[in-house]
Participant: 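Input: one structure, supplied below.
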Amino acid sequence: MLQQLHSNKRLQLLLGFLMGIFFGFFLQKGQVTRYDVLMGQLLLTDFTVVKVILTAILVGMLGIYPLKRRGVIKFHLKAGSIGSTGIGSLIFGVGFALLGYCPGTAVGAVGQGSLDALFGGIPGIIVGAGIYSVIYPTVRDKIQPLGDFGELTLPELFRVGEKKAVIAVAILILLVFAVLEIAGY
Amino acid sequence: MKRSNNNHRLLRAFFIATITLFSLILALPALALAQTDAAGADPAQLKASGGMIGFLTMKAWSPYAAGAGIGILSWFAFLLSDHPLGVSTAFAKTSGMLEKSLRGDQVLKRDYYQRFVPGIDWEWMLVAGLLCGAFLSAQLAHDFTLSFLPPLWTERFGAGIVWRWFLAFSGGILIGIGARWGNGCTSGHALSGTMQLAVSSWIAACGIFGAGIATALLLF
């Protein structure tokens with residue numbers, strides 16, 4: 001049943017759109033489409049972003065791990081290396097602080113009327129992606145292979161069972177929440 | 001046969017869990033509504049709102065409620081679409097489509113566009129929906145306002161629109177390069193990848209926030 005659903009291309013486009021509506025709605029209600037909230041996080045004065053992301057990770061993980069275990073869903077792990085994930089995320093982070101939105105929240109910001117995202121951020125990201133398509137062969141051959149570790153997961157890395165790893169991450173996230181709330185953020 | 005029965009039983013449990021969690025999420029903002037206007041919501045509006053509609057017209061939810069919503073949404077993304085939530089590939093495809101319309105099919109010969117063929121796909125529609133969802137949320141809360149300068153920016157750097165545009169645009173370029181270089185952004189890595197406990201995604205999340213915090217502290 002699910003495989004049939006996955007291969008129905010037109011229905012998938014509709015599902016993508018519907019899920020996007022929920023995604024945008026939650027992001028905007030969580031206030032993480034706001035420059036002030038995102039920059040507040042990077043300036044360590046407002047921890048809304050950390051709370052939203054960690055709750056999403058916690059709730060998401062507690063759903064998808066059991067589903068994968070029973071073979072209902074497949075994971076889509078991203079292979080990584082120091083040369084790709086490490087360097088790419090650092091470039092991204094610098095841009096994140098300059099723009100004050102990330103790609104998803106920039107689109108959400110446009111939805112709430114933020115013109116700096118519409119005229120500055122979105123065209124910038126599109127141009128940046130275009131530049132990357134030009135430099136891609138060099139980056140792929142010369143830089144991305146450095147420190148390759150493939151589709152490694154935390155349970156494999158720490159050589160523990162998936163269940164244990166999920167519980168450990170869940171406890172750590174709850175501890176972060178406890179600290180944030182006690183500290184008054 | 002046995003496997004599919006198992007799947008059905010699991011699906012049932014899954015949907016029951018979803019409904020329970022959604023009711024919890026509905027309860028959380030109601031609590032927040034009862035005790036605080038810290039998010040800066042107008043007290044009159046708070047008083048007027050109530051029930052399901054009030055929930056949708058609130059200016060802001062507790063970050064925990066919004067995060068839980070996104071978490072549950074990602075279950076459905078895996079289940080119904082076999083796809084994690086992600087955004088930045090859609091930008092690469094948009095870039096390819098735009099450049100193709102300007103410069104013709106030769107653009108598609110690039111290795112990158114052979115691997116990520118420009119076109120409208122699930123993820124592109126997700127981003128289109130994201131735009132509409134954020135608009136809907138802001139509009140329902142009477143919170144949609146056109147503005148070029150965020151308050152925090154004006155407070156720190158004054159009313160320089162050109163300067164803001166320049167930083168936003170150059171930041172966007174770095175994000176576009178960095179997201180594709182690292183194979184994902186805050187959604188694909190820091191949200192969907194981390195919940196699968198992928199090492200690459202936890203590294204990406206650390207890199208994004210590490211470099212972001214360092215740059216922001218230098219800038220402000």
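Labels below follow one simple rule: chain letters A, B, ... track the order of the sequence lines, proteins then strands, and each chain is numbered from 1.
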Participant: Using heavy-atom distances under 4.5 Å, tell me whether B:R164 contacts chain A through its side chain, its backbone, both, or neither.
Facilitator: side chain
Participant: Is B:S187 in contact with chain A via its backbone, its side chain, both, or neither, using a 4.5 Å heavy-atom distance?
Facilitator: side chain
Participant: Please state whether the side chain, the backbone, both or neither of B:L131 comes within less than 4.5 Å of a heavy atom of chain A.
Facilitator: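 B:L131 touches chain A through backbone and side-chain heavy atoms alike.
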Participant: Name the region of B:L98, side chain, backbone, both or neither, that has any atom closer than 4.5 Å to a heavy atom of chain A.
Facilitator: side chain
Participant: With a 4.5 angstrom heavy-atom cut-off, could you sort out which part of A:Y101 is near chain B: side chain, backbone, both or neither?
Facilitator: both
Participant: Mind ranking A:V166, A:V110, A:V139, A:L115 by heavy-atom pairs under 4.5 Å with chain B and telling me who comes out on top?
Facilitator: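 Top option by heavy-atom pairs under 4.5 Å: A:L115.
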Participant: Against chain B, label A:I53 side chain, backbone, both or neither, depending on which of its atoms sit under 4.5 Å from a heavy atom there.
Facilitator: both
Participant: Between A:R34 and A:D46, does any NZ, NE, NH1 or NH2 come within less than 4.0 Å of an OD or OE carboxylate oxygen?
Facilitator: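 Not counted as a salt bridge, because no side-chain N and carboxylate O are separated by less than 4.0 Å.
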Participant: Go through the atoms of B:W202 and report whether side chain, backbone, both or neither lie under 4.5 Å from a heavy atom of chain A.
Facilitator: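 Just the side chain, heavy atoms under 4.5 Å.
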Participant: Examine the side chains of A:K29 and B:S137 and answer whether a donor and an acceptor come within less than 3.5 Å of each other.
Facilitator: yes
Participant: Taking NZ, NE, NH1 and NH2 as the nitrogens, is one of them in B:E123 or B:K93 under 4.0 Å from a carboxylate oxygen of the other?
Facilitator: no
Participant: At a heavy-atom separation under 4.5 Å, does B:Y113 approach chain A through its side chain, its backbone, both, or neither?
Facilitator: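 Side chain of B:Y113 only, per the 4.5 Å heavy-atom cut-off to chain A.
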